[in-house]
There are 4 protein chains.
Amino acid sequence: MSQNKIKLGMIGGGSSSFIGLTHRIAATMGENFTLVGGAFERDHNKALDFAKTLGLDLSRCYANIDDFIAGENALPKSNRIEAVVIVTPNFLHYTMAKQLIQAGFHVICEKPVTNTAAQAIELEQLVTKHKVVFALTHTYTGYPMVRQMKTMIAEGMIGDIQKVDAQYYQGWINPVIHDKEKRKSVWRLDPEKAGQSCCMGDIGVHAFNMIEYTTGLKTTKVLSDLSTLYNDNPLDIDGTALLCFENGVRGMVRASQIATGEENNLKIAVYGRKGALKWEQENPNYLYFLQEDKPVQVFKPGHVYNSDFAKESTKMAPGHPEGIFDSMANIYNGAAKAIRAEAYQKGAFPTIHDGVRGMKFIEAVLESTQNGNSWTEIVDEHEDN
Amino acid sequence: MSQNKIKLGMIGGGSSSFIGLTHRIAATMGENFTLVGGAFERDHNKALDFAKTLGLDLSRCYANIDDFIAGENALPKSNRIEAVVIVTPNFLHYTMAKQLIQAGFHVICEKPVTNTAAQAIELEQLVTKHKVVFALTHTYTGYPMVRQMKTMIAEGMIGDIQKVDAQYYQGWINPVIHDKEKRKSVWRLDPEKAGQSCCMGDIGVHAFNMIEYTTGLKTTKVLSDLSTLYNDNPLDIDGTALLCFENGVRGMVRASQIATGEENNLKIAVYGRKGALKWEQENPNYLYFLQEDKPVQVFKPGHVYNSDFAKESTKMAPGHPEGIFDSMANIYNGAAKAIRAEAYQKGAFPTIHDGVRGMKFIEAVLESTQNGNSWTEIVDEHEDN
Amino acid sequence: MSQNKIKLGMIGGGSSSFIGLTHRIAATMGENFTLVGGAFERDHNKALDFAKTLGLDLSRCYANIDDFIAGENALPKSNRIEAVVIVTPNFLHYTMAKQLIQAGFHVICEKPVTNTAAQAIELEQLVTKHKVVFALTHTYTGYPMVRQMKTMIAEGMIGDIQKVDAQYYQGWINPVIHDKEKRKSVWRLDPEKAGQSCCMGDIGVHAFNMIEYTTGLKTTKVLSDLSTLYNDNPLDIDGTALLCFENGVRGMVRASQIATGEENNLKIAVYGRKGALKWEQENPNYLYFLQEDKPVQVFKPGHVYNSDFAKESTKMAPGHPEGIFDSMANIYNGAAKAIRAEAYQKGAFPTIHDGVRGMKFIEAVLESTQNGNSWTEIVDEHEDN
Amino acid sequence: MSQNKIKLGMIGGGSSSFIGLTHRIAATMGENFTLVGGAFERDHNKALDFAKTLGLDLSRCYANIDDFIAGENALPKSNRIEAVVIVTPNFLHYTMAKQLIQAGFHVICEKPVTNTAAQAIELEQLVTKHKVVFALTHTYTGYPMVRQMKTMIAEGMIGDIQKVDAQYYQGWINPVIHDKEKRKSVWRLDPEKAGQSCCMGDIGVHAFNMIEYTTGLKTTKVLSDLSTLYNDNPLDIDGTALLCFENGVRGMVRASQIATGEENNLKIAVYGRKGALKWEQENPNYLYFLQEDKPVQVFKPGHVYNSDFAKESTKMAPGHPEGIFDSMANIYNGAAKAIRAEAYQKGAFPTIHDGVRGMKFIEAVLESTQNGNSWTEIVDEHEDN
């Protein structure tokens with residue numbers, strides 16, 4: 001915090017946007033970013049009113065992304081917005097990210113990064129070419145105990161991994177899915193807006209990302225059984241994917257949006273030769289470390305016994321719970337370090353390569369089910385993680 | 001308890017047998033059975049010593065099952081042992097059960113009931129023919145909250161089922177499996193003694209049984225990915241089976257013996273249109289009832305709000321926990337009612353048909369993996385459950 | 001189990017007695033005792049019917065305790081009942097225990113041991129004089145994790161104790177207490193039957209016993225605030241007692257029967273200089289070990305890391321929960337060792353001295369409240385524990 | 001959010017201040033406040049550097065509170081700071097609050113509000129006189145499930161209250177307290193800086209506040225037993241206070257800083273005739289509703305079944321946990337409504353009267369222990385809550 005704050009712009013996220021608020025909170029928590037301007041919504045008068053409530057200089061409130069890029073680039077560099085967060089509807093992520101990267105802005109982008117793996121690969125190449133920072137808000141990776149888990153596995157505390165099991169169960173689509181009329185009102189069930197997949201694209205990919213993030217393993221192939229529940233529903237709303245990792249280790253992603261009564265029940269268990277680690281998103285401040293013939297150990301944030309990475313990811317002393325906003329803020333804080341060219345922990349923020357991996361996973365599980373639940377490869381051309 | 005106790009015999013279960021003790025405790029808890037005699041171990045002198053410590057009439061302590069059958073049948077019917085519990089090594093279950101059924105004894109048998117589905121089907125036919133009671137100790141079905149779950153599902157409290165997820169994770173084989181010498185000392189890894197399967201045969205089948213027991217659904221096909229971890233290990237020690245039920249509903253059985261640090265982590269979640277039920281074996285006195293837009297409800301044993309079946313399966317007032325012995329005792333109490341030709345709740349004890357279903361499941365998951373993880377049917381010729 | 005079973009008699013506990021059943025289960029679980037006879041209920045015909053269902057020799061089913069003592073003493077010693085369990089209504093415990101001790105029987109007695117501390121002291125002297133074993137079923141001390149806690153504290157794993165907090169909350173009296181008519185139906189609210197105290201006598205004393213049992217500390221004085229809720233209710237149904245131990249350490253017993261919705265929520269936390277231990281009766285298979293700057297450790301039964309005392313108090317491998325019957329059985333198993341003059345762990349069964357301590361505690365908390373919530377001493381003339 | 005943000009000033013909270021950061025996060029989360037200036041630390045050059053990193057207009061960064069008041073009052077009203085948060089060391093709260101109130105600023109003040117009850121009463125009178133908003137950051141009252149608890153009790157869902165039990169256990173002072181040298185380094189053990197009490201003043205008062213906040217009951221007298229552990233330690237570091245409420249209902253506050261291994265284990269249980277509610281700060285998103293003969297219900301934030309007050313206190317859909325910052329932010333959001341003269345829920349922020357009550361509680365428990373653990377009255381001259 002010894003430096004000036006990074007000037008942040010926002011595309012989307014206007015007055016009625018919940019995700020915009022979330023990102024503004026997360027961006028400001030670490031006192032690394034200050035929101036300077038943006039292109040908040042289609043209706044420019046509403047956007048201006050909104051910018052006023054935020055106390056922004058209205059000349060930095062642009063009508064659209066083109067004006068945003070032109071306007072900011074016309075300003076002297078010292079005054080110019082440096083990083084831009086994209087919180088528009090999903091189908092716009094790709095084109096907007098592409099424009100911003102090419103214009104030299106650092107980008108923080110909501111998930112899903114693109115509609116296809118090919119688009120994500122293209123963005124990855126652009127990020128490299130234009131030397132910008134690209135942070136993808138796989139929010140759950142920001143929890144201190146997830147980061148503690150990643151460190152413990154990397155340090156060999158559970159030994160060679162021999163089994164991974166990740167789940168993301170929700171029930172929210174249950175009251176909708178059985179009624180064809182209600183379904184029409186849900187954009188996530190509309191391929192035009194939601195893309196190729198509903199359940200795997202929205203939540204299964206979080207479980208997949210959590211596996212690769214915490215273990216460092218690369219998935220080499222998947223065998224999936226996705227369900228749309230009804231023939232006239234075009235997108236998956238439930239599914240299980242068996243995973244095979246580079247060294248033959250088995251894992252799985254279990255995802256559902258018809259798990260009635262479940263909220264955001266994302267959890268992961270990683271079993272190694274020497275021990276195991278278990279974590280659940282709804283109780284994120286507890287990390288369970290299992291060892292043969294030893295009492296189970298429960299790790300909590302804020303303690304000296306945690307790794308540096310986990311320690312820098314909590315602001316509070318032990319016993320004062322932090323939550324999802326704090327988790328996303330940790331991703332912003334990691335991105336800030338990269339933008340300032342400071343050293344940062346591996347995994348301090350999910351990158352465009354996480355986006356590529358996620359899109360490949362989604363395409364592979366769709367293909368596996370289409371091909372009669374057969375094993376489908378996921379190739380990793382490129383290393384970054 | 002207004003009647004005389006049922007005279008019980010035991011095959012196997014001698015002085016050093018833990019499982020024998022378990023069954024004697026379970027059998028006596030409900031005060032429905034009294035142990036009268038048996039063929040406890042190969043070394044007849046040791047068996048006699050053991051029978052003495054139990055305070056048994058030594059004339060009822062036989063050298064082997066043939067002597068047992070002959071000896072008891074020579075006694076007047078009023079004095080004769082009525083029911084026999086088989087707690088010998090697994091590979092003997094089938095032949096002993098067959099002998100006892102044919103000799104007219106009621107049988108309580110440890111799991112697995114047989115080595116093959118064909119043998120189980122044969123026993124099922126014999127049970128019908130000889131009109132005896134056959135109880136298979138799928139012990140976990142005796143927990144009051146499992147029975148509450150079964151009742152609630154049967155009564156439609158969660159509506160039509162749309163997703164089932166059952167798990168049985170253990171870690172005990174982890175310290176053994178990586179060392180070829182150590183493996184040799186483990187009979188469960190020896191096909192001669194353990195049969196066709198280790199993980200699925202020993203614990204996966206419990207998860208499978210728990211699904212069919214609580215939901216009443218019949219599995220019609222499975223797709224499995226079983227792992228032996230090492231090529232020179234002949235039996236599965238980890239595996240996942242995707243399940244498809246009669247009405248197209250999806251489910252899964254996840255089982256592992258290399259989930260380091262896990263003890264007997266059997267759990268089940270059943271999601272229906274109207275609600276969901278979740279239960280875990282290691283905390284068996286809590287049943288979670290989830291409903292859309294309502295607080296989660298936690299059911300506990302001993303309360304008036306439980307079903308009759310659950311209520312009759314607990315001896316204590318709420319808040320005094322019962323455990324695994326009480327669970328097995330409930331199965332004995334159910335069998336006692338059947339033996340006395342009293343009315344009993346559906347599911348009061350697992351039957352030979354549960355044994356048939358379990359053996360078919362094991363054979364199907366083995367076949368699926370052998371056939372490249374393809375869907376494999378499970379046929380149910382016969383209805384009883 | 002290498003010896004013959006101990007011949008057990010039972011006073012009270014007839015056909016409709018739940019507590020009788022409980023003791024029969026607990027006594028037989030360890031295969032150390034065999035029920036031989038008793039004086040089960042006032043109506044001798046009913047008692048005979050009941051004895052028949054138990055398969056007992058009807059000549060050992062006596063009309064009353066005098067006949068029991070006379071009848072058994074007339075038998076040759078090798079055939080005679082050796083130990084007697086008293087499960088009659090509370091107000092009879094003292095006189096029956098006295099008779100049995102004087103006649104040379106070992107005694108297992110339900111709680112409360114007597115109506116007054118003076119009676120308990122008298123029994124203690126008789127036990128010493130007649131050299132019999134006397135086990136008081138403070139059932140909760142039989143849980144393996146309570147015993148593990150006792151050992152860990154004794155071995156200094158939490159260092160010098162500096163704070164103790166024990167609670168026993170129930171809600172069962174809430175639906176009764178507000179209605180004068182309903183109150184009349186509850187024997188626990190009748191001083192004739194229940195003695196001097198309801199809440200502290202029935203459950204507060206369990207919390208007190210748990211403190212002295214696990215810590216080895218002696219309470220030297222108490223300051224209590226007991227409540228009867230209504231002036232025309234003669235007995236306490238709620239109360240808190242501040243405790244002071246020999247070395248000035250503070251503790252407390254919190255007890256209530258109007259804690260609506262609570263079942264048997266007994267729990268204890270012991271804080272020492274080096275660490276802390278926490279345990280709850282309703283989840284008895286988890287013991288929490290807290291240390292400054294270290295992950296919390298969760299101990300579970302059946303593991304090699306437990307003390308010998310805890311290990312011998314569980315029959316099952318880890319992850320198969322045992323409950324309240326198993327806990328009481330452990331007390332019977334401890335008493336069996338004492339009866340057979342075998343070595344046994346300190347605390348293997350609660351003694352008559354625990355009964356003396358408990359009665360003194362009850363009398364002291366009553367006196368403290370009567371004297372305007374003033375500190376009241378508890379003297380310990382005698383050492384045994 | 002349809003209005004301009006409230007201009008906020010901060011006294012204290014400079015670059016190295018954790019509590020300053022906490023308040024800045026909480027103040028900005030709801031987008032109701034914007035930090036405009038302050039008097040951040042004694043070293044004015046450091047303060048200016050710090051203000052720069054925050055992106056503030058340096059002319060609003062004052063050398064001290066007097067300059068702050070003079071400088072802001074010299075500005076036109078529309079530009080002037082409207083509300084000031086006090087995050088200086090405790091002993092300065094009173095004088096600074098007094099100055100700010102008298103100068104017409106709304107005040108948000110860290111706990112403890114003053115050093116004595118008399119000072120708090122004086123502030124209360126000034127708040128009334130000057131018609132300013134005064135919010136005391138009893139942070140835990142901002143949790144949505146605490147607010148849900150308050151509403152449910154107010155609506156009679158648990159009926160008349162008959163028992164209250166609140167606890168706040170920490171262990172942080174344990175490693176310090178036994179060493180006289182180490183003690184000197186802890187300002188909380190220095191009466192000059194910490195005031196009259198350590199444990200009760202810092203954390204016991206939170207438990208007390210939680211009781212009066214959630215139940216609406218007024219405590220009329222207390223009997224306490226506080227401990228300093230060592231005679232040469234002047235301040236309490238552990239203590240229990242028995243409480244008596246206006247209608248004779250009993251309650252208690254249990255507090256400790258020597259509860260080794262505890263973090264911020266604040267919890268509360270309120271038992272009424274019809275039901276009970278239980279909540280724990282370390283797992284703040286679960287509220288347990290107990291009822292006789294019904295399954296326990298678990299309430300979670302974000303659900304439609306919650307009260308309006310609870311619903312407006314969460315930003316996220318169910319299953320995405322919020323934490324302590326979100327809780328404090330809710331207090332800021334409540335204060336913002338009051339400052340804008342909008343309608344707000346009773347309890348939307350703790351008031352100066354909560355501060356008065358807390359100081360009276362602290363003085364009463366100190367007096368009770370000094371007077372030999374006798375009952376000590378707490379008078380409430382004034383009604384506001």
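Heavy atoms only: backbone and side chains are in, while hydrogens, waters and symmetry mates are out. Chain letters run A, B, ... following the sequence lines, proteins first and then strands; every chain starts at 1. Computed from a prediction, not measured in an experiment: that's the story for all the values here.
Of the residues considered (B:Gly248, B:Cys244, B:Gly261, B:Ser256), B:Gly261 shows the highest number of contacts with chain A, using heavy-atom pairs under 4.5 Å. Among the candidates A:Leu223, A:Asp225, A:Val249, the residue making the largest number of heavy-atom pairs closer than 4.5 Å to chain B is A:Asp225. Listed options B:Arg273, B:Gln162, B:Lys163 were ranked by heavy-atom pairs under 4.5 angstrom with chain A; first place goes to B:Arg273. When B:Lys274, B:Met252, B:Gln167 are compared by the number of non-hydrogen pairs under 4.5 Å with chain A, B:Met252 comes out ahead. Residue with the most contacts toward chain A among B:Ala269, B:Ala259, B:Ala276: B:Ala259 (heavy-atom pairs, distance under 4.5 Å).
The shortest heavy-atom contact between A:Ile161 and A:Val164 is CG2-CG2, 3.7 Å.
Proximity of B:Tyr168 to B:Val205: side-chain heavy atoms (C-beta onward) are nowhere separated by under 4.5 Å. With contacts defined as side-chain heavy-atom distances shorter than 4.5 Å, the pair B:Tyr271/B:Ile158 does not qualify. Within the 4.5 Å cutoff, the side chain of A:Cys198 has heavy atoms near those of the A:Gln257 side chain.
Defined by atom type and a distance below 3.5 Å, a donor-acceptor pair is missing between the side-chain atoms of B:Thr376 and B:Glu367. Between the side chains of B:Gln148 and B:Tyr143, no donor-acceptor pair is found at a separation under 3.5 Å.
Interface remark: A:Glu262 contributes backbone and side-chain atoms alike to the contact with chain B (heavy atom separation under 4.5 Å). In this structure, chain B has a heavy atom under 4.5 Å from the side chain of A:Arg250, while its backbone stays farther away. For A:Ile258, the parts sitting under 4.5 Å from any heavy atom of chain B are the backbone and the side chain alike.
For the salt bridge (charged side-chain N to carboxylate O under 4.0 Å, His left out) with A:Glu212, the qualifying choice from A:Lys150, A:Lys360, A:Arg357 is A:Arg357, the only one to do so.
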#### Entry: Test salt bridge (Lys or Arg N to Asp or Glu O under 4.0 Å) applied to A:Arg254 and A:Asp165, step by step
CA-CA 8 Å; A:Arg254 299 174 285 117; A:Asp165 189 345; 2.9 Å; yes
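Judged by distance alone, with hydrogens and angles left aside, the side-chain atoms of A:Asn265 form no donor-acceptor pair with the main-chain N or O of A:Tyr169 at under 3.5 Å. Without hydrogens or angle criteria, A:Thr369 side chain to A:Leu366 main chain gives no donor-acceptor distance under 3.5 Å. Of the possible polar contacts, none joining the B:Thr219 side chain to the B:Lys221 backbone as a donor-acceptor pair under 3.5 Å is found.
For residues 170-178 of chain B, heavy-atom neighbours of chain A at less than 4.5 Å comprise B:Gly171, B:Trp172, B:Asn174, B:Pro175, B:His178, sorted by residue number. Contact residues of residues 232-242 of chain A toward chain B are A:Asp238, A:Thr240, A:Leu242 (heavy-atom distance under 4.5 Å).
Applying the side-chain contact (heavy atoms from CB on, under 4.5 Å) criterion to B:Pro301, with sequence neighbours excluded, gives B:Pro144, B:Met145, B:Asn285, B:Thr314.
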Could you pull out all donor-acceptor pairs under 3.5 Å where a side-chain atom in residues 286-298 of chain B meets a protein atom, sequence neighbours excluded?
unit_1   : atom_1 : unit_2   : atom_2 : d
B:Tyr286 : OH     : C:Asn283 : ND2    : 3.2

